[in-house]
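Please read these numbers as outputs of a predicted model, since none were measured by experiment.
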Amino acid sequence: QVQLVESGGTLVQSGGSLTLSCEASGFTWDHWAIGWFRQAPGKEREGVSCISSAVGRGDGSIVYADSVKGRFTISRDNAKKTVYLQMNNLKPEDTAVYHCAVEFAPSCPVAWTYDFWGQGTQVTVSS
């Protein structure tokens, strides 16, 4: 079955960097969009970034929320079936549980709707 396992979350100081990993299994690695989301206590879930399998083949997409543009970078390792979220210049407001999710589509869903979700990893940024 489809599985997504996040890792890499930890406590980091403001201004620091962290890389999250989303390891995928249970589906063919050629037609997907994987997104990163975050949810802080008392706040709604926020779409952070997305990358699709067609990136590099002409019709894929990479998307960032305005709140993380210029600080976060999404990437993938096809051999490892893993998507990464490199987070730089972290701020206390980046504190949240970060989840990855997959949608079986060639491009990132405009409405940030996804079919399968991971359990999440906690990122805490201290001031």
Side-chain angles (χ1 to χ4, degrees):
Q1 70 274 26
V2 175
Q3 281 195 320
L4 299 170
V5 179
E6 303 95 335
S7 62
T10 190
L11 172 66
V12 63
Q13 288 189 333
S14 180
S17 297
L18 200 59
T19 299
L20 305 182
S21 301
C22 173
E23 184 175 354
S25 61
F27 59 93
T28 303
W29 192 251
D30 63 358
H31 187 80
W32 50 264
I34 289 181
W36 281 99
F37 292 77
R38 65 187 182 186
Q39 188 161 21
K43 294 187 177 181
E44 290 189 358
R45 186 172 63 200
E46 175 190 18
V48 173
S49 183
C50 172
I51 186 169
S52 69
S53 58
V55 167
R57 301 200 299 263
D59 58 350
S61 56
I62 291 179
V63 177
Y64 295 101
D66 288 343
S67 58
V68 305
K69 279 181 181 176
R71 299 190 299 125
F72 290 11
T73 302
I74 194 168
S75 63
R76 62 180 180 184
D77 184 326
N78 291 332
K80 296 181 178 179
K81 292 188 177 182
T82 299
V83 170
Y84 302 97
L85 186 68
Q86 170 70 40
M87 305 185 294
N88 297 325
N89 190 23
L90 283 161
K91 305 174 182 180
E93 51 263 43
D94 294 318
T95 295
V97 176
Y98 284 70
H99 298 266
C100 61
V102 64
E103 167 77 1
F104 296 113
S107 297
C108 294
V110 174
W112 293 89
T113 54
Y114 290 78
D115 293 326
F116 299 91
W117 294 77
Q119 293 297 307
T121 186
Q122 175 71 47
V123 173
T124 303
V125 184
S126 63
S127 57

Sorted by chain and number, sequence neighbours left out, side-chain hydrogen bond (donor to acceptor under 3.5 Å, both in side chains) with Thr124 holds for Gln122
Please report the shortest heavy-atom distance between Leu4 and Ala24, naming the atom on each side.
-> CD2-CB, 3.7 Å
Give a yes or no answer on whether the side chain of Glu6 reaches the backbone of Gln119 with a donor-acceptor pair at less than 3.5 Å.
-> yes
In the hydrophobic cluster built from side-chain contacts under 4.5 Å, what are the other members alongside Val97?
-> none
Pairs meeting criterion side chain to side chain donor-acceptor pair (under 3.5 Å) with involvement of residues 98-111, two or more places apart | Arg38-Tyr98
Residues which pass side chain to side chain contact (heavy atoms under 4.5 Å, CB included) with Val5, listed by chain and number, not counting sequence neighbours | none
Got a sec, which residues hit side chain to side chain contact (heavy atoms under 4.5 Å, CB included) with Gln86, two or more places apart in sequence or on another chain?
-> Ser17, Thr19, Thr73, Asn88
Who passes side chain to side chain contact (heavy atoms under 4.5 Å, CB included) against Phe37, sequence neighbours left out?
-> Arg45, Ala101, Trp112, Tyr114, Trp117
Side-chain touch Val123/Met87, heavy atoms, less than 4.5 angstrom = yes
Quick one: salt bridge (charged side-chain N to carboxylate O under 4.0 Å, His left out) partners of Lys69, sequence neighbours excluded?
-> Asp66
Disulfide bond (SG atoms under 2.5 Å apart): pairs with one or both residues in residues 14-44, sequence neighbours excluded | Cys22-Cys100
Review item, side-chain donor-acceptor pairs of residues 48-56, under 3.5 Å, at least two apart:
from  : atom 1 : to     : atom 2 : distance (Å)
Ser49 : OG     : Val63  : O      : 2.9
Ser52 : OG     : Ser61  : N      : 2.9
Ser52 : OG     : Pro106 : O      : 2.8
Ser53 : OG     : Trp32  : N      : 3.0
Ser53 : OG     : Trp32  : O      : 3.3

Below 4.5 Å, heavy atoms only, C-beta onward: do Asp94 and Arg71 meet side chain to side chain?
-> yes
Side chain to side chain contact (heavy atoms under 4.5 Å, CB included) with Lys81: which residues, sequence neighbours excluded?
-> Trp29
Give, for atom CG of Leu18 and atom OG1 of Thr121, the distance between the pair rounded to the nearest 0.5 Å.
-> 8.0 Å
Can you tell me which residue pairs pass the ring-ring contact (aromatic ring centres under 6.0 Å, His included) test with a partner in residues 49-86, sequence neighbours excluded?
-> none
When Ile, Leu, Val, Met, Phe, Trp and Tyr are grouped by side-chain heavy atoms lying under 4.5 Å apart, directly or through other members, which residues fall in the same group as Leu11?
-> none
When rounded to the nearest 0.5 angstrom, what is the spacing between CD in Gln1 and CZ in Phe116?
-> 9.5 Å
